[in-house]
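One structure below.
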Amino acid sequence: MANFQKLTPRSEDYSKWYNELVVKADLAEQSAVRGCMVIKPYGYAIWETIQAELDKRFKEKGVKNAYFPLLIPKSFLSREAEHVEGFAKECAVVTHHRLMNDPEGKGVVVDPQARLEEELIIRPTSETIIWNTYKNWINSYRDLPILCNQWCNVMRWEMRTRLFLRTAEFLWQEGHTAHATKEEAEDYARQMLDVYADFAEKVMAIPVVKGVKSPNERFAGALNTYCIEAMMQDGKALQAGTSHFLGQNFAKSFDVQFLTNENKFEYVWATSWGVSTRLMGALIMTHSDDNGLVLPPHLAPIQVVIVPIFRKAEQLGELLEKINPIADQLKALGIRVKVDTDDKYTPGYKFADYELKGVPVRLAMGGRDLENGTIEIARRDTQTKETVSIDGIVNTVQALLEEIQTNLLQKALSFRVENTRSVDSYEEFKEEVKKGGFILAHWDGTPETEQRIKEETKATIRCIPLPELKEFQSEPGVCMVTGKPSAGRVVFALSY
RNA sequence: CGGGUAGUAGUUCAGCCCGGUUAGAAUGCCUGCUUUGGGAGCAGGAGGUCGUGAGUUCGAAUCUCGCCUACCCGACCA
C-alpha cells in the first residue's frame with residue numbers, strides 16, 4: 001500500500017480539513033493574486049448547476065437577466081450615505097488607464113500621464129450603477145415593475161480570505177427590482193427569499209432558517225434584510241443568501257421617480273437579492289466527511305460512476321457489453337453517468353478518488369459479477385455497499401439518487417435540530433455559545449444589547465425567524481441581558 | 001490592518017541554527033514489464049533561477065533588511 005495523503009480529520013482541525021478538501025477534491029485553488037481563487041473545472045461544474053437551477057427559478061418569477069458594467073464611477077458610491085459607509089473600506093479603485101515601458105528598463109510602469117479624471121471603483125455590488133441606469137428606464141407606472149438579475153463577479157478587498165467562503169473576488173448573482181408600491185416591493189423581497197430557501201433545501205439539501213436581520217446586520221442602505229441561515233458541521237452559522245427591501249433609498253439618491261396613474265410623481269420602491277460562490281462553502285461544510293466531498297445528487301456533476309474491474313482488454317469488452325446498456329438507460333433518464341474505463345489506476349484507487357470527489361453512487365462490475373449476473377452498488381452518503389442483481393439496476397439507481405438527496409437533507413436537518421437550544425440566562429448563554437450551534441434567546445431589540453453580546457461572546461444575531469417557522473416561535477419573554485421585554489426568541493450563533 | 005508561523009521538485013517535507021563540490025527524500029509524473037474486487041509491484045527516466053528584490057561575504061537555500069503570498073489569532077465582512 002502506498003503512502004497516500006488522507007484529509008486532516010474534521011475533529012482534529014476543522015478549518016484545515018476544509019482547506020484541504022477544497023483543493024484535493026479539485027474544486028478550487030489559490031491564484032497568483034491575493035485573496036482571489038481559481039475555480040477548477042470540477043468546482044465550476046457544480047457552480048454551473050447552482051446557476052442553472054437558480055436561473056430557472058428566477059425566470060419563473062418573471063426575472064430577466066441583464067449585464068451592467070464592472071466599473072462604477074466613484075461619485076456614484078457616495079450618493080447613498082449608508083451604502084458608501086458600508087463598502088468604502090473594501091473597494092478596489094482604478095486610477096489609471098495606461099502602462100508604459102519603465103524608463104529605467106525594469107518592465108512596465110503606470111503612465112502618470114494616464115490618470116483618470118474620476119476614479120472608477122470595481123463593483124463591490126451594483127445598486128448604484130443599476131439605479132443610475134434605471135433612472136433612464138422608468139417614466140411611468142407602466143414601466144414597472146423592472147425585474148432584472150445579473151450573474152457576475154464582484155470585488156471586496158477582504159482582510160482575511162478563505163476559498164469560497166470569503167474571497168476578494170467572488171461570483172454571484174444580484175437581482176435588482178423596481179416597483180410602484182411599497183407593498184409590492186416588500187412582497188417581492190420576501191418571495192425571493194422563498195426561492196432561495198426552496199433552492200437550498202431541494203437542490204443543495206441544506207436546511208435553512210428564514211428570517212430577518214437585526215439592524216446591526218442589515219445590508220448597507222436597506223430598510224429590511226431577509227436572509228437564510230444554515231448551520232455548518234462545526235456548529236457555526238453561515239449566511240447562505242440575502243434579500244433586501246431597499247425602500248426608496250436608492251430611488252431618492254438617484255432621483256428615480258415615476259408618474260402614477262393619477263399623474264403624480266412618486267419615488268420607486270426597490271429590492272435587491274443575491275447568493276454567491278459562498279454557497280459552495282456551505283455545500284462542503286454541510287455534507288462532506290473525512291473521506292472527502294459528499295455531493296447531493298441534484299448538484300453532482302457525476303451522479304453515477306461505473307467502474308469495470310478487469311484484467312485484460314477482452315475482459316473489459318465483455319464487461320462493457322453489460323455496462324454500456326445500463327449507462328445508456330441511466331442517461332436516457334437524464335442521469336449524469338461516467339463509465340471509467342481507464343486502465344491506469346486500480347479499482348481501489350478509483351473508489352477512493354470518487355469518494356474524495358463526492359460522487360453519490362458508484363457501480364462496480366467485475367468477473368464475479370459477470371458470472372453471477374450481479375453488480376456492486378455503493379452510496380457515498382452512508383459509505384455502504386451491496387451486491388445486487390443486475391436486473392432492475394437502472395430503477396434502483398434512480399430511486400437511490402433521490403433517497404440520497406432526501407437523506408442528506410434529513411441528516412443536516414437532524415444535526416441542526418440537535419444543535420439548536422433555548423437559553424434564558426446570559427450566564428448560561430456565554431457557556432452555551434462556546435459549544436456552537438444555534439441558541440434561541442430573548443433579546444430586547446436594541447442594537448446596543450446586540451453589540452454588547454457580540455463583544456462579550458463573539459456571537460451575533462443570525463436572524464429573527466419568520467413567523468411561519470413554527471419550531472422557532474416562542475412566547476414573549478424578557479431579554480437575557482437587560483431584562484427588558486422581548487417579543488420572541490431570536491437565533492444567536494458564532495458565524496462565518 | 002495589528003500579532004504569530006511559514007514559503008526548497010506537481011505535492012508533503014528534510015537541509016538553514018554552525019555559509020563552502022553537482023541541493024536530497026517520499027509521493028506524484030513519463031516509459032516498459034507486470035498487476036487490477038479498497039489508494040499494487042519492479043526497472044529506468046524527466047523534473048528545482050531554493051517566493052521575490054536588495055545587502056553582507058572570496059563564496060548565500062543557509063546571515064541581514066524590504067516586499068509578496070499562504071496559514072493561525074484579533075479587528076472587518078457575503
Side-chain angles (χ1 to χ4, degrees), chain A residues 1-6 8 13-16 18-20 23-24 29-37 85-91 106-107 124-125 154-174 196 213 216-217 219-220 225 227-230 237-244 272-282 291-292 307-313 315-316 319 340-356 362-372 374-376 378 383 385 387 454-455 458 460 495-496:
Chain A
M1 188 192 286
N3 281 333
F4 54 89
Q5 294 149 5
K6 285 209 164 172
T8 300
D13 186 337
Y14 194 81
S15 64
K16 199 171 175 193
Y18 175 86
N19 290 336
E20 287 178 1
V23 173
K24 289 186 175 171
E29 62 189 29
Q30 296 289 349
S31 73
V33 184
R34 196 201 81 96
C36 297
M37 64 181 163
E85 170 76 19
F87 288 104
K89 282 176 282 186
E90 51 187 34
C91 286
K106 294 180 179 173
T125 179
V154 290
M155 176 155 260
R156 297 179 188 175
W157 208 269
E158 299 290 349
M159 291 295 103
R160 210 171 147 193
T161 62
R162 292 189 70 189
L163 293 173
F164 289 122
L165 291 176
R166 186 174 300 104
T167 45
E169 179 192 14
F170 56 94
L171 305 184
W172 78 345
Q173 57 70 215
E174 47 179 326
Y196 286 150
K213 285 294 186 191
N216 279 3
E217 300 281 324
F219 175 75
T225 288
C227 64
I228 50 174
E229 292 286 327
L238 184 89
Q239 179 176 309
T242 50
S243 181
H244 315 291
S272 71
W273 26 276
V275 298
S276 71
T277 35
R278 181 178 241 201
L279 284 176
M280 297 285 292
N291 291 317
V307 181
I309 297 163
F310 58 99
R311 292 165 197 267
K312 303 247 158 47
Q315 200 174 8
L316 173 61
L319 286 164
D340 187 350
T341 55
D342 192 316
D343 61 356
K344 188 180 141 188
Y345 296 107
T346 59
Y349 182 94
K350 290 178 182 178
F351 295 168
D353 196 52
Y354 288 117
E355 277 163 19
L356 181 60
R362 184 185 74 232
L363 297 175
M365 189 186 266
R368 288 207 301 261
D369 295 302
L370 270 187
E371 284 176 24
N372 302 335
T374 55
I375 193 164
E376 183 183 86
Q383 297 263 56
K385 60 184 180 183
T387 300
K454 184 179 176 181
E455 281 165 15
K458 293 179 187 166
T460 50
S495 75
Y496 277 95

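Keep in mind the model is a prediction, meaning the values are calculated, not measured. In what follows, chains carry the letters A, B, and so on, assigned in the order in which the sequence lines appear, proteins first and then strands, with residues in each chain numbered from 1. Heavy-atom basis, side chains included; hydrogens, waters and symmetry copies ignored.
In this structure, A:Thr167 reaches the bases: a heavy-atom distance under 4.0 Å links it to at least one base atom across the strands shown. Looking at heavy-atom distances under 4.0 Å, A:Asp343 makes no contact with the nucleic acid at all. Residue A:Arg362 is classed as a base contact, given a heavy-atom separation below 4.0 Å to a base. A:Thr161 comes within contact range of the sugar-phosphate backbone alone, with a heavy-atom separation under 4.0 Å but no base atom that close. Among the heavy atoms of the strands lying under 4.0 Å from A:Gly367 is at least one base atom, whether or not backbone atoms are also near. Contact annotation for A:Leu165: base contact, defined as any heavy-atom pair under 4.0 Å involving a base atom. Looking at heavy-atom distances under 4.0 Å, A:Phe219 makes no contact with the nucleic acid at all. Among the atoms of the strands shown, only primed sugar atoms or phosphate atoms (P, OP1, OP2) are found under 4.0 Å from some heavy atom of A:Ser15. Residue A:Gly281 is out of contact with every strand shown, counting any heavy-atom pair closer than 4.0 Å. Residue-level contact check: A:Lys213 touches neither bases nor backbone, having no heavy atom under 4.0 Å from any strand.
Following rounding to the nearest Å, A:Asp353 (CG) and B:A40 (P) show an atom-to-atom distance of 12 Å. Going from atom CZ of A:Arg34 over to atom C1' of B:G7 covers 17 Å, rounded to whole Å. If you take CD of A:Glu85 and P of B:C76, they are 13 Å apart, rounded to a whole angstrom. One can place CG of A:Leu163 at 16 Å from C1' of B:C72, the figure rounded to the nearest angstrom. The OH-P distance, from A:Tyr345 to B:G38, rounds to 18 Å in whole Å. B:G38 atom C1' lies 12 Å from atom CZ of A:Arg368, rounded to whole Å. Going from atom NZ of A:Lys89 over to atom C1' of B:G2 covers 16 Å, rounded to whole Å. The interatomic distance linking A:Asp13 (CG) with B:U5 (P) rounds to 19 Å, in whole Å.
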*Dump the intermediate steps for side chain to side chain contact (heavy atoms under 4.5 Å, CB included) on A:Lys213 and A:Glu229, then the final yes or no.*
CA-CA 10 Å; A:Lys213 285 294 186 191; A:Glu229 292 286 327; 2.7 Å; yes

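Heavy-atom contacts from other residues, nucleotides or ligands closer than 6.0 Å to CD of A:Gln383 number more than 12. Within 6.0 Å of CH2 in A:Trp157 there are 12 or fewer heavy atoms belonging to other residues, nucleotides or ligands.
Pairing for B:G37 is absent, judged as Watson-Crick or G-U wobble with the two contacts each under 3.5 Å. When Watson-Crick and G-U wobble pairs are counted only if both distances are under 3.5 Å, B:A60 pairs with no nucleotide at all. In this entry B:A6 has B:U69 as its Watson-Crick or G-U wobble partner, both defining distances falling under 3.5 Å. Using the Watson-Crick or G-U wobble rule with both distances under 3.5 Å, B:G19 pairs with nothing in any strand shown. Under the Watson-Crick or G-U wobble criterion, with both distances below 3.5 Å, B:G74 is paired with B:C1. Applying the Watson-Crick and G-U wobble criteria (two distances, each under 3.5 Å), B:C29 pairs with B:G45.
For A:Arg160 and B:C71, the shortest distance from a side-chain N or O to OP1 or OP2 is not below 4.0 Å. Look at A:Lys385 and you won't find any side-chain N or O under 4.0 angstrom from OP1 or OP2 of B:G38. At B:C72, none of the side-chain N or O atoms of A:Tyr18 fall inside 4.0 Å of OP1 or OP2 (strictly under the cut-off). Dashed line: the shortest gap from a side-chain N or O of A:Lys458 to OP1 or OP2 of B:G74 is under 4.0 Å. Close to B:C71, at under 4.0 Å from its OP1 or OP2, lies a side-chain N or O of A:Gln30. OP1 or OP2 of B:C76 has not a single side-chain nitrogen or oxygen of A:Arg166 nearer than 4.0 Å. When the side-chain nitrogen and oxygen atoms of A:Thr346 are compared with OP1 and OP2 of B:G38, none of them lie within a distance under 4.0 Å.
Mapping A:Asn19 and A:Ile375 onto RNA chain B via the closest heavy atom, the residue that lands nearer the 5' end is A:Ile375.
Taking only side-chain atoms of A:Phe351, from C-beta outward, the nucleotide of B:C76, B:A40, B:G38 with the closest atom is B:G38. Across B:G38, B:C30, B:U69, the shortest atom-to-atom separation from the side chain of A:Lys344 is found for B:C30. Side-chain proximity of A:Ile309 to B:U36, B:C72, B:G38: nearest is B:U36. Comparing B:C76, B:C72, B:U69 by their closest approach to the side chain of A:Lys454 singles out B:C76. In this structure, the nucleotide among B:A70, B:C77, B:C72 sitting nearest to the side chain of A:Glu158 is B:C77. The A:Pro347 side chain lies nearest to B:G37 when the options are B:C72, B:C76, B:G37.
In this pair, A:Tyr349 and A:Tyr345 present their aromatic rings parallel. The plane angle is below 30°, not in the 30 to 60° band. The aromatic rings of A:Trp273 and A:Tyr196 lie perpendicular to each other, with more than 60° between the two planes, well past the 30° mark.
Comparing B:G47 with B:A23, their C1' atoms sit 14 Å apart, to the nearest whole Å. Spacing of P atoms, B:C63 relative to B:G15, comes out at 12 Å, to the nearest Å.
Counting heavy atoms from C-beta outward, A:Ile309 and A:Asp369 have side chains that stay 4.5 Å or more apart.
Taking CG of A:Leu238 as the reference point, atom CG of A:Leu165 lies at 6.5 Å (rounded to 0.5 Å).
At a cut-off of 3.5 angstrom, counting only N and O atoms as typed in the model, there is no donor on one side facing an acceptor on the other between the side-chain of A:Arg311 and the base of B:G37.
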